[in-house]
Amino acid sequence: MRPAPIQPEPLPARSPVNIHNEWDPLEEIIVGSLEGMVIPPWEPGMAGPMYEPHFPLFKTQGGKPWPAELARKAEQELEGLARVLEAEGVKVRRPAKVDWSKNFSSPDWSSPSGLGAANPRDSLLVIGNEIIETPMAWRSRYFETLAFKPLLKEYWAAGAGWISAPRPQLHDDLYEKDFVQPKKGELGKFVINDHEPIFDAADVIKCGRDIFMGLSSTCNHAGVEWLRRYLRDRHGDTYRVHELLFDDQHPMHIDATFYPLAPGKLLVHPERVVKVPEIFKDWDVFRAPEPHIPDEHPLYFSSKWMNLNVLMLDEKRVIATQGEERTLELLKKKGFEPIPIPFWNFNNFGGSFHCATLDIRRQGSLQSYF
């Protein structure tokens, strides 16, 4: 007699994953880790977003550990962020340990090492109750979601959606040969073309039914179109995906350029955002002030404008960088309640509070804010 088939348990009424915007009350979040993070090896995708003074470091030291003191200071700040979040009532999750120093390859290329799991915002996109693994532009980041697989499996088992965008080939044909970084005013010049869909999750910012994606050297038209079609096929006309273009000489990610902080309030970069989309005509649009971060900070992956890269705990409370006094004053003036935390040392490793975290669950439901 054949055994009866196993009946799956019914899914819970409430998914452990629920994200519709950047500001609903935060309940659970993933905070990255610098453990084992290595210097990324030079590859063609880095020619667009990276800063030329650091090119020699990637070309000669790629795959090696970061200077211990730099990493220690950054890790201390990351641990401090986790403690503050917990003190504010947020459940904090952390990635698994991975040996990022191992080399790996595809039939088309090889990478001397990975990179790390400091910035979970890049490889995982959360929309509604679903997590999407993104098709990232750097070969060294091809297996970055391995650090988050235990959490992804847990969320999926508890009822969350989980899918991976098409795994990119990252063939040489994707990258523009002899690429020269754009000058100011030279919009739309990127190191990647539309050979295949490419985007990092940090190229996406969520505003309820409206999702904004910034074209960059880590996000192409094909990537925007893939997400647009996927959401349309799955949810009909629920979502509207908007493609944005900025005046950025090192274009990579949207969250230090264009950031809807709360309903009716949009923070933008003072120079990169040439024109605010018409859809925001009734919003209070305010431009970020000049950052305070000292010149001696190397900022291997980013510009000084990490003062825009904040993390909303709800529509009022916002985690922002201690020492960025002009930004803190602006936030207060606009009705927010800043929680200043030291983070300049972490800025050296690829971002700030929004980059170093990934929202998993916020209270609230899907709405339109326009």
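Taking the six-membered ring where tryptophan is involved, the planes of W66 and F58 are perpendicular, since the angle between them exceeds 60° and thus also 30°.
The local environment of NZ in K59 is crowded, with over 12 non-hydrogen atoms from other residues, nucleotides or ligands closer than 6.0 Å. By the neighbour-count criterion of 12 heavy atoms within 6.0 Å, atom NZ of K153 is sparsely surrounded, having that number or fewer from other residues, nucleotides or ligands.
For the 3.5 Å distance criterion, the side chains of S123 and R141 fail to qualify, holding no donor opposite an acceptor. N21 and Y369 share a side-chain donor-acceptor pair at under 3.5 Å. Using modelled atom types, one finds no donor on one side chain facing an acceptor on the other under 3.5 Å when comparing N129 with S15. Side-chain contact, Y230 with E225: no donor N or O sits under 3.5 Å from an acceptor N or O. Donor-acceptor pairing under 3.5 Å is recorded for the side chains of S216 and D203. Remark: the R167 side chain and the S106 side chain contain no N/O donor-acceptor pair separated by less than 3.5 Å. For the residue pair E196 and H171, no side-chain donor N or O sits within less than 3.5 Å of a side-chain acceptor on the partner. Remark: the T145 side chain and the E133 side chain contain an N/O donor-acceptor pair separated by less than 3.5 Å.
Taken to the nearest 0.5 Å, the NE2 atom of H242 stands 9.0 Å off from the CZ atom of R228. To the nearest 0.5 Å, the span separating NZ on K316 from CG on L261 amounts to 12.0 Å. Residue K149 holds its NZ atom at 11.5 Å from CG of L151, rounded to the nearest 0.5 Å. If you take CD1 on I198 and CZ on F190, they are separated by 14.0 Å, rounding to the nearest 0.5 Å. To the nearest 0.5 angstrom, M312 atom CE is 9.5 Å from W23 atom CH2. In this structure, the separation between NE2 on H221 and CD1 on I192 is 10.0 Å, given to the nearest 0.5 Å.
When atom types are taken as modelled, the side chain of H354 and the backbone of V310 share no donor-acceptor pair closer than 3.5 angstrom. Judged by distance alone, the side chain of N18 and the main-chain N or O of R361 form no donor-acceptor pair under 3.5 Å. The backbone N or O of T357 lies less than 3.5 Å from a partner atom in the side chain of R121, making a donor-acceptor pair. Checked by atom type and distance alone, the side chain of E186 pairs as donor or acceptor with a backbone atom of K183 at under 3.5 Å. Distance alone, capped at 3.5 Å, places no donor-acceptor pair between the D248 side chain and the V273 backbone.
A salt bridge between E35 and K97 is present, with a side-chain N of the basic residue lying under 4.0 Å from a carboxylate O of the acidic one. Checked for salt-bridge contact, R83 and E86 miss the test: no charged N lies under 4.0 Å from a carboxylate O. Using a 4.0 Å cut-off between charged side-chain N and carboxylate O, R362 and E27 make no salt bridge. A salt bridge is absent between R93 and D359: the closest approach of a Lys/Arg side-chain nitrogen to an acidic carboxylate oxygen does not fall below 4.0 angstrom. We find that R272 and D247 are not joined by a salt bridge, their nearest charged nitrogen and carboxylate oxygen being 4.0 Å or further apart. No salt bridge links D284 with K265; every basic N to acidic carboxylate O contact stays at or beyond 4.0 Å. Contact check on K332 versus E329 returns a salt bridge, with a Lys/Arg side-chain nitrogen under 4.0 Å from an Asp/Glu carboxylate oxygen.
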Donor-acceptor contacts, no H, no angles, side chain residues 339-351, under 3.5 Å, sequence neighbours left out:
unit_1 : atom_1 : unit_2 : atom_2 : d
W344   : NE1    : E324   : OE2    : 3.1
N345   : ND2    : E77    : OE2    : 2.9
N347   : ND2    : F343   : O      : 3.1
N347   : ND2    : G351   : O      : 3.0
N347   : ND2    : S352   : OG     : 3.4
N348   : OD1    : L299   : N      : 3.2
N348   : ND2    : N345   : O      : 3.4

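Between L125 and the options L358, L227, I19, a side-chain contact (heavy atoms from CB on, under 4.5 Å) holds for only L227. Test N103, D99, V98 against S101 for side-chain contact (heavy atoms from CB on, under 4.5 Å) and you get one pass: D99.
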For Q367 and H20, what are the C-alpha separation, side-chain angles and deciding distance, and is it a side-chain hydrogen bond (donor to acceptor under 3.5 Å, both in side chains)?
CA-CA 8 Å; Q367 300 180 40; H20 301 291; over 6 Å; no
Hey, mind stepping through D172 and R139 against salt bridge (Lys or Arg N to Asp or Glu O under 4.0 Å) and telling me if it holds?
CA-CA 11 Å; D172 287 346; R139 295 165 176 170; 2.8 Å; yes
Give the intermediate values and the outcome of ring-ring contact (aromatic ring centres under 6.0 Å, His included) for residues F212 and Y259.
CA-CA 10 Å; F212 299 89; Y259 199 150; over 10 Å; no
Could you go through D200 and T134, starting from their C-alpha distance and side-chain angles, then the distance that decides it, and tell me whether this counts as side-chain hydrogen bond (donor to acceptor under 3.5 Å, both in side chains)?
CA-CA 6 Å; D200 287 3; T134 57; 5.1 Å; no
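Put simply, V318 and L313 are part of two different groups of oily side chains (I, L, V, M, F, W, Y) that touch within less than 4.5 Å, one to the next.
Ring pair W42/F55: centre-to-centre distance below 6.0 Å.
Applying the side-chain contact (heavy atoms from CB on, under 4.5 Å) rule to P41 yields the partners S111, P112, S113, S140; only residues at least two apart in sequence or on another chain are considered. Residues passing the side-chain contact (heavy atoms from CB on, under 4.5 Å) test with C355 are N119, D255, N309, sequence neighbours excluded.
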